[in-house]
Structures are given as structure tokens and as C-alpha cells.
Amino acid sequence: LIPMSEIASNADQLFPFPIFNSLRQNTPVRYDEARSCWDVFRYEDVHYILKNPKLFSSERGSGTLQGSILTMDPPRHTKMRNLVNKAFTPKAVKDLKNKIEEVTLYLLDQVKEKGTMDLVHSLAGPLPVIIIAELLGVPAKDRDLFKTYSDVLVAGAKDNSNEAFQRMAQKRKEGSEFLKEYFKKIILERKVNPEEDLISLLLAAKIDGEKLTEEEVLSFCVLLLVAGNETTTNLITNAVRYMTEDKNIQEQARTNLPLIPKLVEEALRFYPPIQAIGRVTKEQVKVGGKTIQKGEQVICWVASANRDEQKFTEPNRFTLERKLNPHLSFGFGIHFCLGAPLARLEAEVALLTLLSTFAKLEGVKGTELEAIPSPFVFGVKRLPLKFTRQ
Ligand code: HEM
């Protein structure tokens with residue numbers, strides 16, 4: 001899918017919210033000829049779509065993720081999801097806390113005397129990859145290789161040309177082939193010698209008395225990489241970006257560290273790592289008074305829904321005082337993000353460690369941020385920071 005014409009410049013991609021606000025007011029549900037899809041901007045409508053998988057299917061032609069739970073409908077989705085859920089229970093995730101703290105401290109140790117760093121390169125990028133590799137059981141020696149190829153899977157096109165999109169598609173195909181071959185080897189090893197990791201758990205699991213096929217275990221491994229890495233990188237980066245833009249919020253969090261979970265939730269709402277979620281209509285439906293035929297693509301704009309004044313008071317204000325924060329940044333309903341507890345914990349640990357290691361975090365004057373040019377992902381390629389030690 002190509003980006004929408006309204007949000008084309010880097011400045012707009014860095015801050016598309018006024019455009020979303022005006023689209024939500026003027027054309028809350030609209031068909032875009034150029035992209036051959038429907039766009040939905042209001043909270044109520046996005047919520048309705050995500051809540052109704054019978055009308056709005058997740059089975060869509062996304063190459064890398066075909067055959068994964070993300071692109072599956074019930075009943076198969078329900079069974080697969082129950083199975084993999086075990087690895088992501090709050091308890092299972094809490095057990096990873098020490099590891100997350102250890103890796104965060106290690107990564108920050110490498111840069112803390114320097115006074116500057118690119119947050120993406122030094123912390124927000126590597127942390128989720130190392131943790132997911134740990135969860136899956138990837139040996140430490142393969143981590144760099146693993147990161148190189150998982151990055152390829154989520155890299156966007158360099159520009160809007162057809163050639164750039166084709167190049168991106170080709171690179172993604174190669175990246176996913178490489179990782180599949182890599183995981184196949186690990187799967188074979190774990191079949192013979194099971195360990196305490198997720199791949200061994202998936203290999204032992206049964207649905208209706210049947211084991212998962214090797215292909216299904218593979219798809220799930222690739223899904224975790226694609227769904228979990230860049231998103232968490234962007235959550236951490238977006239939250240820190242916001243703290244450099246609003247010194248007040250940074251100070252509030254620094255002087256009251258228990259507010260960090262609220263900061264993470266508000267960052268999710270305000271700068272959502274996934275700004276849009278796609279579905280395909282299974283029959284003729286009505287959304288916000290518009291009739292949509294069967295088989296149409298519908299794009300739910302989470303970044304717009306999260307700032308809908310019908311749902312949130314003062315939606316364009318970032319505040320740590322919201323009692324309820326029902327943002328849709330992890331989706332809603334049966335596909336609600338499986339990795340949400342893990343992403344939240346990683347972000348909390350990262351922000352806590354940053355705020356307690358450094359007295360002041362600032363952007364670097366004169367560097368314009370560069371948005372990730374993707375219609376679905378909201379984030380920046382690099383976040384150069386200046387800091388002083390506590
Ligand atoms: C699903 C966002 C981190 C694994 C989703 C969905 C969203 C989302 C919006 C729903 C997609 C849909 O309805 O079509 C995010 C964000 C993250 C994040 C914003 C970080 C801040 C993670 C992590 C993992 C993960 C760390 C795993 C390690 C998954 C999986 C699904 C999913 C497996 C599919 C669930 C299903 O289809 O039932 N995520 N995610 N995510 N996410 Fe995340």
C-alpha cells in the first residue's frame with residue numbers, strides 16, 4: 001500500500017496529527033481512489049471494525065506474514081492464539097524483567113560517558129531484538145546477524161517510486177527466506193534437544209491433538225520478529241522524542257518515577273508506533289453512514305482515533321493525568337497485541353533507566369529528524385540525543 005497523498009513531506013510524516021484531525025472532521029470515512037482503499041478516522045468507527053472480525057477479515061495478502069495469526073480469522077486464529085498466549089502471560093513476561101534491565105544497563109554503559117548518542121542505534125533498536133532472540137532461544141553469537149535480517153523485514157521503501165517499492169519487496173523476500181532457513185536449523189536442533197525456549201514450547205504444543213507443522217512454527221517466529229521489534233523500538237524512541245519536545249513532562253517523570261507507566265501509555269496514544277491497521281470487508285457493510293462493498297480494503301487510522309475529541313478530553317495535550325487511556329495503539333478485540341505486556345515492560349525499563357542515568361535528555365540542535373517513510377509505522381530513523389550524567 002502506498003502512503004496517502006495528504007501526508008507526503010517529511011515534516012507532515014513527523015507530525016501528521018493536524019492532517020488526521022482535519023480528515024476526521026471533514027471525511028471521517030472515505031474512499032481513496034489513488035490507493036484503492038477506504039480510510040476510517042473516527043474512534044467509534046475504528047473500534048467497531050476491530051470488534052467485528054466476522055465482518056472485517058484479517059486474511060490479507062501480506063507476503064511475509066501469510067500463515068501467521070495476525071492474518072488469520074477464527075476458528076483457526078482462536079486455537080493458535082490460545083497456544084502461543086502461554087509465552088506472553090504477564091507472569092512469563094515478568095520473568096524477563098531482570099534480563100531486560102541487564103541488557104538496558106549494558107547498552108547504556110557503552111555510551112553513557114560520551115555525552116551524545118543516537119537512541120535508536122544505541123538502545124531502542126537493539127533492546128527488543130536481544131530480548132526476542134532470548135525468548136525464542138537464538139544463540140547470543142547469532143544476534144547481529146539476526147538483527148540485520150529482521151531489520152530488512154520491516155524496512156520501508158526509500159521513496160514513493162514503483163522501483164523503490166519493488167526493491168523493498170525483493171529485499172523483504174530475501175530477508176524472510178534467510179530467517180526461515182535460519183529458524184529451520186534451530187527447529188531441527190530443538191526437536192532433538194528441547195530447551196526452555198519458545199521454539200521448544202511451540203514444537204511440543206498440540207492443537208486438537210495435532211502438533212503444529214514446522215511451517216506454522218516458522219511463521220510464528222517470523223511474526224514475532226516483524227510484529228515485535230520495530231514497534232517496540234518506535235515506542236521507546238517516540239516516548240523519548242516526546243520528552244525532548246516537552247521538558248515539563250520529562251521533569252514530571254524524572255521527579256516522580258512511578259509515573260513512567262502513565263508516560264508509556266500516553267506516548268502510545270500520542271505517537272502510536274503502528275498508526276494504521278488494515279482489514280478486508282467480508283460482506284457489504286455500513287461504516288459511519290457509508291456503504292462499503294464486500295472485498296474492499298479498509299484502513300483504520302489509529303493515530304487519528306487516539307486523538308478523537310469524542311473519546312478523549314483535550315486529545316492533543318500530552319498529560320500524565322489521564323485516569324483512563326483507552327487508546328487503540330495495540331489494536332482491539334481478538335487480535336489485540338499479544339506482545340503488549342512485553343512491549344510495555346521494555347519501554348518502562350528503558351525510560352526508567354534513561355531518566356535515572358541522565359540528568360537531562362535533549363535533542364541535538366540543528367538536526368532535523370527523519371520520519372520512517374511508511375504508511376503503517378510511525379517513528380523516526382534516528383534520534384540524536386545530548387545528555388549529562390546524574
Ligand atoms: C498484534 C501493535 C509489540 C506481537 C498487534 C496489533 C497491533 C500491535 C496494533 C493488532 C494488529 C491487528 O489487529 O491487525 C504493537 C505495538 C507494539 C507491539 C504498538 C510495541 C509498542 C509487540 C511485541 C510482540 C508483538 C513485543 C511480540 C514479541 C504481536 C502479535 C500480534 C500482534 C503476535 C498478533 C496477534 C493476533 O493476531 O492475535 N500488535 N505490537 N507485538 N502483536 Fe504487537
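The chain is numbered in sequence order, starting from 1. Just follow the structure's listing: the first ligand is 1, and inside any ligand the first atom is 1. Please read these numbers as outputs of a predicted model, since none were measured by experiment.
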List the closest protein heavy-atom neighbour of [atom]: residue, atom name, distance to the nearest 0.1 Å.
| atom | value |
| --- | --- |
| atom 23 (C) of ligand 1 | Gly228 CA, 3.3 Å |
| atom 29 (C) of ligand 1 | Ala227 CB, 3.7 Å |
| atom 34 (C) of ligand 1 | Leu70 CD1, 3.7 Å |
| atom 14 (O) of ligand 1 | Arg279 NH1, 2.8 Å |
| atom 35 (C) of ligand 1 | Arg81 NH1, 3.3 Å |
| atom 8 (C) of ligand 1 | Cys337 CB, 3.7 Å |
| atom 24 (C) of ligand 1 | Gly339 CA, 3.4 Å |
| atom 3 (C) of ligand 1 | Thr231 OG1, 3.4 Å |

- [ ] Within a distance under 4.0 Å of any heavy atom of Leu235, pick out the atoms of ligand 1 and give their elements.
- [x]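 Per the distance check, 21 (C).
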TODO: Report, in ascending order of atom number, the atoms of ligand 1 lying under 4.0 Å from any heavy atom of Ile277.
DONE: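 It comes down to these atoms of ligand 1: 9 (C), 12 (C), 13 (O), 14 (O).
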With a 4.0 Å cut-off on heavy atoms, is [X] in contact with ligand 1?
| X | value |
| --- | --- |
| Arg344 | no |
| Ile334 | yes |
| His77 | yes |
| Phe332 | no |
| Ser329 | yes |

TODO: Using modelled atom types only, decide if a donor and an acceptor are shared between the side chain of Glu210 and the backbone of Lys206 within a distance under 3.5 Å.
DONE: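 The answer is no, because no donor-acceptor pair under 3.5 Å joins these two groups.
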Please report the closest heavy-atom contact between [X] and [Y], naming both atoms and the distance.
| X | Y | answer |
| --- | --- | --- |
| Ile277 | Leu328 | CD1-O, 4.4 Å |
| His335 | Ser58 | NE2-OG, 3.2 Å |
| Arg382 | Leu369 | O-CD2, 3.6 Å |
| Pro273 | Asn234 | CB-CB, 4.0 Å |
| Arg35 | Asp32 | NH1-OD2, 2.7 Å |

Aromatic plane relationship, [Y] with [X] - under 30° parallel, 30 to 60° tilted, over 60° perpendicular:
| X | Y | answer |
| --- | --- | --- |
| Phe336 | Phe330 | perpendicular |
| Trp301 | Phe41 | parallel |
| Phe318 | Tyr242 | parallel |
| Phe178 | Tyr182 | parallel |

Open item on the list: Measuring from atom 31 (C) of ligand 1, which candidate in Leu135, Leu338, Leu342 has the nearest non-hydrogen atom?
Closed with: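 When every heavy atom of Leu135, Leu338, Leu342 is considered, Leu338 comes closest to atom 31 (C) of ligand 1.
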- [ ] Using heavy-atom distances, let me know which of Thr232, Leu136, Val84, Asn238 sits nearest atom 26 (C) of ligand 1.
- [x]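 The nearest heavy atom belongs to Thr232.
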Task: Polar contact flag for Ile69 and ligand 1 (N/O pairs, less than 3.5 Å) - done: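 N/O-N/O distance under 3.5 Å: yes.
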Task: Lys262 atom NZ, over 12 foreign heavy atoms within 6.0 Å - done: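 Result for NZ/Lys262: enclosed.
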